[in-house]
Amino acid sequence: MRKKTVINAKPDLKNAALRKREPIEFIREKLVISTRLRNEANGKNFFIRTYGCQANVLDGQTIEGILMEIGYTQVDDPMNADVVIINTCAIRENAEDKVYGEIGSLKALKSKKPHSIIALCGCMTQQPHIVSKIRETYPQVDIIFGTHNINHIPQLLDEAIFNQTRIIEVYSKQGEVIEDLPCHRQDKAKAFVNIQYGCDKFCTYCIVPYTRGKQRSRKKEDILLECKKLVDEGYQEITLLGQNVNAYGKDLDSKLSFAELLEDVAKLGIPRLRFTTSHPWDFTDEMFKAMATYKNIMPAIHLPLQSGSDDVLRRMGRRYTAKEYCDLVDRLREIVPGVAITTDIIVGFPNETDEDFEKTLDVVRYVHYDSAFTFIYSPRVGTPAAKIKDEISMETKHKRFDKLVKTLAVDVKSHADAYVGKVVPVLVDGLSKKDGTILSGYTDTLKLVNFTGNPDNIGKIVNVKITEATTYYLKGEEVNG
């Protein structure tokens, strides 16, 4: 028997695209948890699966913190959970397919535990066609909520459990900045810190401005307070997060720049400071100079290219040319020698020609990337690019993709080879997943290193001599001094 569905709010992409000239609302949230929900959670477990980017990972940690605050205990197996939350990503179709597969498998949980609660949240749920599909095809899902109302989890659980209803609560709005929510950070050495939410760029292929809302920068004092707490707790690395960190502060009355924020965080004394993601449009030399001045700002930048063709870039709405991008790289390398540059590249944007693709390869050969995330274009419902009739065959796209990967691999391997024989600092993440006798961690330039060493140094920065290089990781041995 299907439960009654209560719709508190439904997603609407037109509303999600609105950008009104209204001040951002800053909310200090105190969770409201009913006594009956706390009692219900006593002795009960939760499981969460997070797909997607670092912003989703941090959302997942906030959800964990809220569920623990209610009284649930985290488990590693969804079949042992009383509450299962799937935190989704909408960037590419294959990410959505994985979610559908996992939701389907959770039918077994409902058979085993009829009173268990299954919830779906994240960027996928901000899209109307996704919500309709989940509602009609997956009756085992009890709660659907979005990216704007993670703070409502206690109320949503309370209603679903005690009223025996299915709930849809997905807001399509510009959004607020909500502070003071709990966060459960499982990693005790590395932490993500949001400095902004949302995006106003509206690249024609991207769903993020619709799923995450308007660009909203946090106040500097709140960011510094969070970072200072992490430093005091002994964290070794902080990564500042935003859809476009370079634009930080442009929406605030103070007009604080990202370069200023970066300096202020660096001065707190965190051993390693990173940031992501950067849009070429908003980069400034002041940011580069901050990186050069403060040695705890890591010499590694993720700088999405997407395409090397000016025509494709224009149709993508990227707001820069290939030459402007390459000039930016030249200035960066002049100010920050030895900086590692990684990127994102899309193959097969609608009606990309052979000439367009070759221009992308030209930029790849010019920049000599340290690594790259490469994708075959995946249309996102509701974006302008998804409406374009595409004349390129998938066979052509795959051939281009393979050629791009091979072209990139030349420089990736060359960068890796340059490390052989050097001693480099590595932040030790833990034991290798494939070999429990090997440690794993990252250099300051974000090179993965698998090495022999002392497991007592997990969570610390140690010196590692690189003995071998592969395309995807380095090998080495821990050394003293």
Side-chain angles (χ1 to χ4, degrees), residues 48-65 68 74 76 87 89 181-196 218 222-243 245 248 258 261-262 264-278 291 294-302 339-340 342 370-371 373 424-434 438-451 453-464 472-474 476 478:
I48 180 170
R49 175 95 67 202
T50 293
Y51 293 89
C53 66
Q54 295 98 326
N56 265 27
V57 170
L58 190 48
D59 281 352
Q61 293 174 355
T62 300
I63 293 169
E64 290 174 20
M68 289 177 173
Q74 188 169 18
D76 295 328
N87 183 22
C89 172
L181 291 177
C183 182
H184 177 235
R185 304 181 193 271
Q186 294 183 351
D187 193 318
K188 299 304 179 185
K190 298 161 72 172
F192 295 130
V193 173
N194 277 322
I195 66 169
Q196 65 178 193
R218 293 178 67 195
D222 289 320
I223 297 169
L224 293 180
L225 188 65
E226 183 176 351
C227 291
K228 178 64 164 58
K229 185 172 184 292
L230 292 168
V231 172
D232 292 344
E233 290 174 356
Y235 277 79
Q236 299 296 298
E237 180 175 297
I238 290 173
T239 300
L240 304 179
L241 294 184
Q243 297 300 330
V245 292
Y248 170 80
F258 179 60
L261 176 68
L262 198 58
D264 286 342
V265 177
K267 290 175 182 176
L268 295 175
I270 187 72
R272 289 188 168 190
L273 178 58
R274 302 187 188 276
F275 55 90
T276 194
T277 290
S278 300
M291 293 180 67
Y294 296 90
K295 299 309 177 185
N296 57 342
I297 302 177
M298 297 296 94
I301 283 185
H302 189 68
V339 64
T342 59
D370 286 70
S371 68
F373 295 100
V424 295
V426 173
L427 175 53
V428 189
D429 287 341
L431 296 173
S432 169
K433 295 178 181 178
K434 295 183 178 180
I438 298 295
L439 295 173
S440 181
Y442 285 87
T443 69
D444 54 356
T445 52
L446 266 182
K447 299 290 188 299
L448 174 63
V449 184
N450 293 323
F451 63 98
N454 185 353
D456 292 341
N457 287 331
I458 291 174
K460 300 177 183 178
I461 297 173
V462 301
N463 287 324
V464 175
Y472 302 105
Y473 62 92
L474 305 172
E478 185 180 340

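Sequence positions, counted from 1, serve as the residue numbers for this chain. Please read these numbers as outputs of a predicted model, since none were measured by experiment.
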**Q** Go through the side-chain N and O atoms of Ser440 and Asn450 and say whether any donor and acceptor fall under 3.5 Å apart.
**A** yes
**Q** Going by the side-chain hydrogen bond (donor to acceptor under 3.5 Å, both in side chains) test, which pairs reach into residues 51-61, not counting sequence neighbours?
**A**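 Residue pairs with at least one partner in residues 51-61: Tyr51-Glu102, Asn56-Arg212, Asp59-Arg212.
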**Q** Can you tell me if Tyr235 uses its side chain to pair, donor with acceptor, with the backbone of Lys229 under 3.5 Å?
**A** no
**Q** Under the side-chain contact (heavy atoms from CB on, under 4.5 Å) rule, collect the residues that match up with Asp444, sequence neighbours excluded.
**A** Arg272, Met298, Pro299
**Q** Do Tyr248 and Ile223 make a side-chain contact, defined as non-hydrogen atoms from C-beta onward lying under 4.5 Å apart?
**A**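 Yes, at least one pair of side-chain atoms sits under 4.5 Å.
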**Q** Using side-chain heavy atoms (C-beta onward) and a distance below 4.5 Å, is Thr342 in contact with His302?
**A** yes
**Q** Name the one of Thr239, Val193, Ile238, Leu240 that satisfies side chain to side chain contact (heavy atoms under 4.5 Å, CB included) with Phe275?
**A**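 Passing option: Leu240.
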**Q** Could you tell me which residues satisfy salt bridge (Lys or Arg N to Asp or Glu O under 4.0 Å) with Lys228, sequence neighbours excluded, listed by chain and number?
**A**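 Lys228: salt bridge (Lys or Arg N to Asp or Glu O under 4.0 Å) contacts with Asp232.
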**Q** Among all residues two or more places apart in sequence or in another chain, which pass the side-chain contact (heavy atoms from CB on, under 4.5 Å) test with Thr443?
**A** Val424, Val426, Thr445, Lys447, Val449
**Q** Does Asn454 offer a backbone N or O that forms a donor-acceptor pair with the side chain of Glu478 under 3.5 Å?
**A**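 Answer holds: yes.
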**Q** Under the side-chain contact (heavy atoms from CB on, under 4.5 Å) rule, collect the residues that match up with Tyr294, sequence neighbours excluded.
**A**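 With neighbours one apart ignored, the set is Glu263, Ala266, Lys267, Asn296, Ile297.
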**Q** Can you sort out the partners of Leu446 under side-chain contact (heavy atoms from CB on, under 4.5 Å), two or more places apart, ordered by chain and number?
**A**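 Partners of Leu446 under the side-chain contact (heavy atoms from CB on, under 4.5 Å) test: Arg274, Tyr442.
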**Q** Should Cys183 and Leu58 count as side-chain neighbours, where that means a heavy-atom distance under 4.5 Å?
**A** yes
